[in-house]
There are 2 protein chains.
Amino acid sequence: MNKLNDDVLHISQDCGNCPIRHRAVCARCESDELEQLEEIKYYRSFEAGQTVIWSGDRMDFVGSVVSGIASLTQTMEDGRTQMVGLLLPSDFVGRPGRMAAAYDVVATTDMVMCCFRKKPFELMMEQTPHIAQRLLEMTLDELDAAREWMLVLGRKTAREKIASLLSIIARRDATLKLDGMQGPLVFDLPLTREAMADYLGLTLETVSRQMSALKRDGVIELQGKRHVTIPDFSRLLNEAGDDADGGIMA
Amino acid sequence: MNKLNDDVLHISQDCGNCPIRHRAVCARCESDELEQLEEIKYYRSFEAGQTVIWSGDRMDFVGSVVSGIASLTQTMEDGRTQMVGLLLPSDFVGRPGRMAAAYDVVATTDMVMCCFRKKPFELMMEQTPHIAQRLLEMTLDELDAAREWMLVLGRKTAREKIASLLSIIARRDATLKLDGMQGPLVFDLPLTREAMADYLGLTLETVSRQMSALKRDGVIELQGKRHVTIPDFSRLLNEAGDDADGGIMA
DNA sequence: CGGCCCGTTGATCGAACTCAATTCGCGTGG
DNA sequence: CCACGCGAATTGAGTTCGATCAACGGGCCG
């Protein structure tokens with residue numbers, strides 16, 4: 001918690017130094033627009049496991065994930081839950097124009113959010129096209145990701161689902177590190193087995209079994225439960241049922 | 001085919017009389033903006049089963065479904081396919097700023113599209129905020145629908161999946177007819193059993209079996225293979241695993 | 001009439017679920 | 001320091017739901 005507060009202080013108010021400055025909803029803003037945003041923004045930090053907002057709750061802010069990871073989940077009355085979004089740094093939370101949250105938002109790791117008061121943000125959106133433009137672009141990207149995930153949920157086997165999730169996390173991690181993807185990829189899983197199960201529409205036992213199977217078959221290596229090494233990325237892509245050729249897909 | 005061409009001629013050029021005028025991407029346009037759009041638009045008709053565009057193909061238009069239904073599908077190399085979108089009248093096709101189609105688009109019924117040449121449309125989007133605003137709104141709605149569908153794909157049983165699909169189609173049909181949803185709902189399924197299976201992540205045999213089971217249990221009535229009667233909508237919602245109370249959900 | 005498409009139904013199989021026991025890692029308190 | 005407890009993860013045994021393979025029925029058109 002102290003650590004988190006330090007982070008918040010450290011990030012402070014300056015959009016210019018923000019780590020997600022050029023990827024978030026504010027990416028296209030000019031400096032005067034940033035100044036406007038700074039007046040309606042504030043930071044909030046969450047510990048791993050903490051709930052940001054419950055589905056149906058009134059939501060008087062929107063915002064961006066600055067660091068850490070959050071998940072968007074839907075739950076049925078009998079308790080079955082499905083993750084419908086994985087929010088990474090720079091991803092946007094909330095929907096302008098909507099009163100209530102449509103999903104549960106939970107921090108899966110310690111997390112910092114840059115929040116904008118909703119009303120003034122909506123006003124700004126009407127006036128400055130840069131924000132709406134960027135939000136449209138980001139929403140279209142999310143829609144593509146959601147559709148990609150529908151294929152995973154609807155048609156892939158448990159093994160392929162795990163491989164798909166690992167390859168997505170690995171790819172993201174590699175791009176963050178500006179890794180050319182040469183050599184083995186190494187990263188930490190930001191999700192518990194249960195969260196992976198919720199994302200993939202599986203049970204946690206099946207997730208565990210398939211992780212063990214991929215390890216046994218040499219597709220992945222595990223140091224501890226969370227630290228993963230991918231010796232051959234194209235092999236993993238193959239297991240995911242995606243086209244193998246290491247090419248970056250559309 | 002003759003029927004289709006008649007439709008096209010009938011719709012002709014006048015945006016003012018367009019059946020989707022107030023719901024499509026052009027919903028918020030002023031009359032001068034509509035005039036601009038009319039200069040870059042043209043109609044195309046497709047017969048049931050015809051492919052509008054293949055994934056990966058260069059796409060030099062975007063557009064709206066005017067009448068009929070189209071589906072967005074993704075296919076793996078081994079032939080497994082997943083429908084990732086069901087395009088109804090007023091829904092938007094294509095992504096501004098993207099060169100190639102990301103999905104296969106297929107007409108599942110006879111269909112008419114209002115197409116805009118892509119380059120000029122993109123230019124208009126930059127100049128007139130009304131279009132981008134509406135497109136953002138529509139994209140956010142689609143994202144919500146996709147996430148709703150992820151819950152269906154990931155966590156619902158075959159029976160619940162069928163009930164979910166039927167309730168969505170029934171609800172849409174009722175709103176089109178401005179039906180207050182009192183009394184039994186009656187509609188025609190616009191999808192083959194196979195298309196339903198592709199949407200739901202099932203096989204067509206399972207779809208057929210569950211349709212028979214719902215009929216046997218009195219949840220639905222079938223006249224022929226496509227004509228459906230829902231005697232008790234809240235019962236159907238219950239079978240779908242959604243909250244039963246006939247209320248209109250968020 | 002025969003072929004074709006769409007849909008239904010039956011029999012069997014297997015992948016993933018469920019229930020249950022056990023292990024691992026880690027912090028906490030005696 | 002070790003014992004203890006707890007949550008996360010693994011592994012096993014048995015069951016089940018939906019997939020697969022296969023046969024059959026009905027409507028439509030040539």
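Just so it is clear, the structure is predicted and the values come from calculations on it, not from any experiment. A, B, ... follow the sequence lines: proteins, then strands. Residue 1 opens every chain.
Counting only residues at least two apart or on different chains, no side chain to side chain donor-acceptor pair (under 3.5 Å) pair has a member in residues 49-59 of chain B. Among residue pairs with one or both ends in residues 184-197 of chain B, none qualify as salt bridge (charged side-chain N to carboxylate O under 4.0 Å, His left out); sequence neighbours excluded. Among residues at least two apart or in separate chains, side chain to side chain donor-acceptor pair (under 3.5 Å) pairs with a member in residues 151-170 of chain B are Arg80(A)-Glu160(B), Asp198(A)-Arg155(B), Lys156(B)-Ser164(B), Lys156(B)-Asp242(B), Thr157(B)-Glu160(B), Arg159(B)-Asp217(B), Arg159(B)-Glu239(B).
By the 6.0 Å and 45° rule, Arg44(A) stacks over the aromatic ring of Phe61(A).
For Ala146(A) against Leu143(B), the heavy-atom pair with the smallest separation is CB-CD1, 4.1 Å.
When rounded to the nearest whole Å, the span between NZ of Lys161(A) and C1' of dA16(C) equals 9 Å. One interatomic measurement links the two molecules: NZ of Lys156(A) to P of dA15(C), which rounds to 18 Å at whole-angstrom precision. To the nearest angstrom, P of dA16(C) lies 15 Å from CG of Leu204(A). The distance from atom CZ of Arg155(A) to atom C1' of dA19(D) is 10 Å, rounded to the nearest whole Å. In this structure, CD of Glu205(A) is placed 16 Å from P of dT22(C), rounded to the nearest angstrom. Spacing between atom CZ of Arg80(B) and atom P of dA15(C) amounts to 13 Å, rounded to whole angstrom units.
The number of heavy-atom neighbours closer than 6.0 Å to CZ of Arg235(B), taken from other residues, nucleotides and ligands shown, is above 12.
Contacts between residues 206-228 of chain B and DNA chain D, defined by a heavy-atom separation under 4.0 Å, are made by Thr206(B), Arg209(B). Listed by residue number, the members of residues 191-203 of chain A with any heavy atom below 4.0 angstrom from DNA chain C are Gly201(A), Leu202(A), Thr203(A).
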Candidate pair Ser234(B) and Asp232(B), rule side-chain hydrogen bond (donor to acceptor under 3.5 Å, both in side chains), full reasoning = CA-CA 6 Å; Ser234(B) 68; Asp232(B) 179 356; 3.0 Å; yes
Show me the side-chain donor-acceptor pairs of residues 218-226 of chain A shorter than 3.5 Å, one per line, residues at least two apart or across chains.
residue: Gln223(A); atom: OE1; partner: Thr229(A); partner atom: OG1; Å: 3.2
residue: Arg226(A); atom: NH1; partner: Leu189(A); partner atom: O; Å: 3.2

